[in-house]
Amino acid sequence: MSTFYVITFLLFLAATYLATPQFISIFEEGKVLVKNYKRVLIPQGIGIIFPIFYLAWSALFGLIFGKFPMDIFLILLAVFSASFIGFIDDMLGARNVLGFKGHFGKLLQGKLTTGGLKAISGLLAAFVISAVIAPDAIFEVILNTLVIALFTNLFNLLDLRPGRSIKFFLILFIVFLLGLAFGQKLSYALPYLPLVGIILGYFPYDLSAKCMMGDAGSNVIGMSMGVLAASAFEVYTKILILILLIAVHIYTEKYSLTDLINKNRFLSFLDELGR
């Protein structure tokens, strides 16, 4: 079965690379364009390709093996809910309210923003997934919910420059692989390989600023990493991950990640690599 994952990783990488220009054309024809950081109008929301192609991979898995494991179902639930929530914000969201403080501040004033809707819906999706992962452990359900929700938002925060969010995703996935290999849990990562292939197939278009995946894509990346962490790692490891996630979010409420990256020579080099 491991061979199947590797082969379909390559297959769906190629398929996504070939299909992404068609998605870009659909968005261009529909005038779904926004200004990027250089004030150039490009399509946004192309990240909807991630759940669509992962669904196709899941169907292929079911056809070949005649079964549908719970871990694949959870990933499907995660990527579809995350992308749907993000796509609403991509299409309808205003950019005059930003950050947890801004969106929850509006909620306390009785006004629902698309960002507030995204936060609430993302938290609910994270809770449902967490309850399936650890149904009899209340503390772990809460822990997993927070890990998944904050991972989802982290990649949203990173997605401000071409390729940045995906670069961090690839580095983090490799780190997770090493950790899982050390704990002899590498099998947990196998169902994510096709998703990684799909994201890699899209990556060149994001990196060259031909389009933006938007929250429809960055939410998928973040939630998938959160689900992997929640399902594969031990409680103490997840507590450490949660502490780091909280620290990053506290930092970003006051300071800019882009400024931090630009001031660090190594981070700046990685950030600019390939553009």
Using the side-chain contact (heavy atoms from CB on, under 4.5 Å) definition, which of the options [options] pairs with [X]?
| X | options | result |
| --- | --- | --- |
| Val196 | Leu177, Leu170, Leu13, Ile221 | Leu170 |
| Tyr192 | Asp71, Ile72, Leu228, Ile199 | Leu228 |
| Asp271 | Ile261, Leu158, Asn264, Thr258 | Ile261 |

Compare every heavy atom of [Y] with every heavy atom of [X], then report the nearest pair and how far apart it is.
| X | Y | value |
| --- | --- | --- |
| Val147 | Leu245 | O-CD1, 3.8 Å |
| Gly45 | Asp90 | CA-OD2, 3.7 Å |
| Met213 | Ser218 | SD-N, 3.8 Å |
| Ile198 | Thr16 | O-CG2, 3.2 Å |

Practice problem: Run the salt-bridge test on Lys118 and Asp215 with the 4.0 Å N-O cut-off and return the result as yes or no. | Solution: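 Yes, Lys118 and Asp215 are salt-bridged.
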Quiz prompt | Lys185 and Glu234 ion-paired at < 4.0 Å | solution =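 Here Lys185 pairs with Glu234 in a salt bridge, since their nearest N and O are under 4.0 Å apart.
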Self-check item: Main-chain N/O of Gly163 paired with Asp206 side-chain donor or acceptor, under 3.5 Å
Solution: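 Confirmed, Asp206 side chain pairs with Gly163 backbone.
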Strictly under 6.0 Å, is that where the ring centroids of [X] and [Y] end up?
| X | Y | result |
| --- | --- | --- |
| Phe53 | Tyr202 | no |
| Phe168 | Phe155 | yes |
| Phe233 | Phe176 | yes |
| Phe203 | Tyr17 | no |

Please round to the nearest 0.5 Å and tell me the distance separating atom [atom1] of [X] and atom [atom2] of [Y].
| X | Y | atom1 | atom2 | answer |
| --- | --- | --- | --- | --- |
| Ser231 | Ile75 | OG | CD1 | 7.5 Å |
| Ile7 | Leu193 | CD1 | CG | 12.5 Å |
| Glu140 | Thr145 | CD | OG1 | 10.5 Å |

Practice problem: Tell me, yes or no, whether the heavy-atom count around Phe84 atom CZ, taken from other residues, nucleotides or ligands under 6.0 Å, exceeds 12. | Solution: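 12 or below, so no.
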Quiz item: Same cluster or not: are Leu267 and Tyr251 linked, directly or through other Ile, Leu, Val, Met, Phe, Trp or Tyr residues, by side-chain heavy atoms under 4.5 angstrom apart?
Solution: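 No; Tyr251 is not reachable from Leu267 via cluster members.
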Quiz item: Relative to the ring of Phe65, is the ring of Phe4 parallel (under 30°), tilted (30 to 60°) or perpendicular (over 60°)?
Solution: perpendicular
